Amino acid sequence: MTFSKVLDLSELPENSHRPVDFKGKRIALFHYRGKITALGNACLHRGGSLGDGFIQEIEGEPYIACPWHGWQYNIVTGKAPAGFKDCQSTYEVKVENGEILVSEKPATPAFRAEHDHDPVEDLRHLRYQTTPASLNVLGISTTNLNPELPRPSTSEYALEQALQIAKTEHGANTKMLKLRDLKFRHCEGYYSRHEQACTWPCSITDMDASDGMTQVYRDLVLWADVVFLATPIRWGNASSLYYKMVERLNTVQNQITLHDKVLIKNKVASFIVTGGQDNIQSVVGQLNTFFTDIGFVFPPFNFVAWSRGWIQEDMENNVELFKRSRYIKRSVKELVHNSVQLSRQIKQLDTSTLRTPKPSIRDSRGGHEE
Ligand code: FES
């Protein structure tokens with residue numbers, strides 16, 4: 001085994017670790033419990049830099065946790081914790097004359113376990129369920145109701161009407177997602193660590209397919225031709241569940257930023273916004289901004305809204321008036337009509353020439369004209 005110097009010992013004090021360039025590759029060096037060890041630096045999950053990770057103790061042994069999504073490796077053996085077969089490559093290390101010497105070749109190779117069953121394989125490979133002739137209409141209800149004490153929701157009521165019209169009058173396949181029924185984690189902001197740490201499928205979903213957003217990704221990205229999203233107005237904004245979902249959809253938007261890859265093509269979005277008091281234009285503006293940013297298109301007049309105004313606090317009358325409103329009946333029907341019409345037309349569009357005039361990672365890396 002040939003060894004070469006990588007650092008002076010003084011550059012790696014006890015209780016420290018760091019990534020270093022070594023013979024055309026990057027390794028992670030560790031100095032803990034009086035021992036110096038070395039592993040391959042690129043995490044076997046998505047390539048996070050292990051030398052920038054965090055030391056964690058598992059059953060008395062030191063492990064390095066990847067800074068991107070937390071995969072762990074024993075800093076001596078390279079092995080993942082019990083129950084996982086993955087193993088990071090290890091290098092032999094010697095200390096001579098105050099210098100750290102590392103074997104030029106790994107002592108043990110990296111092993112990335114094949115997972116027999118990939119529960120998000122359809123997302124990973126973008127197995128779209130739409131066809132040129134499909135009309136799949138997805139409703140997303142973002143209101144937060146307590147199932148123990150159900151109460152009427154105007155936004156969800158109108159959404160149900162919209163799906164019913166899509167089905168009976170336009171022959172659509174329909175599906176309803178109620179965000180409150182899907183248990184899902186908040187976006188944990190992996191992007192802030194490194195742009196490549198925000199992955200598709202979302203790293204949370206990738207590591208835990210039972211997370212409720214898996215269903216949203218599947219239905220919104222792979223299945224739907226038309227999406228109707230309904231939200232109440234809460235303090236002048238869309239519902240908090242809406243924003244929770246949207247933050248987890250960073251993974252869709254970041255594919256454009258990072259890889260010029262548009263996941264949403266030829267899909268239509270329209271909105272139902274209802275509130276006791278007004279701020280409709282602001283809420284719809286926010287919804288439009290986000291949905292166009294991930295690739296949806298809108299028909300003319302792409303929202304239906306309801307508000308009785310600032311002083312109408314008699315909420316006990318609100319639902320009844322809403323249900324009896326001629327405006328709501330007519331406008332929901334027209335919203336569905338416009339959305340279905342547009343869906344049929346945009347299916348003819350050639351998306352191979354689609355441009356994304358959005359900032360990309362290249363723009364932030366000196367992408368300036370001289
Ligand atoms: S890249 Fe290391 S845990 Fe995801």
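As the structure lists them, so they are numbered: ligands from 1, and atoms in each ligand from 1. Side chains included, hydrogens not; waters and symmetry mates left out as well; all remaining heavy atoms used. None of the values given here were measured: they were computed from a predicted structure.
In this structure, a donor-acceptor pair under 3.5 Å is present between the side chains of Asp219 and Gln215. A donor atom on one side chain and an acceptor atom on the other are found under 3.5 Å apart for Ser141 and Glu156. Side-chain contact annotation: Ser343 with Asp225, donor-acceptor N/O pair under 3.5 Å absent.
Counting heavy atoms from C-beta on, the side chains of Tyr32 and His17 come closer than 4.5 Å.
With a heavy-atom cut-off of 4.0 Å, Trp71 touches ligand 1 through backbone and side chain alike.
If you number the atoms of ligand 1 from 1 as listed, the ones under 4.0 Å from a heavy atom of Gly47 come out as 1 (S). Residue contact check: Cys66 has heavy atoms under 4.0 Å from atoms 1 (S), 2 (Fe), 3 (S) of ligand 1. Residue Arg46 has at least one heavy-atom neighbour below 4.0 Å for each of these atoms of ligand 1: 1 (S). Every atom of ligand 1 is numbered from 1 in the order shown, and the set under 4.0 Å from a heavy atom of Gly70 is 3 (S). Each of the atoms 1 (S) of ligand 1 lies under 4.0 Å from some heavy atom of Trp68.
Centred on atom 4 (Fe) of ligand 1, the angle running from His69 (ND1) to His45 (ND1) is recorded as 90°, rounding to 10°.
Each of Thr154, Asn318, Thr143 was scored for a side chain to side chain donor-acceptor pair (under 3.5 Å) with Thr274, with one residue passing: Thr154.
Aromatic rings from Phe291 and Phe271 are positioned such that their centres are separated by under 6.0 Å.
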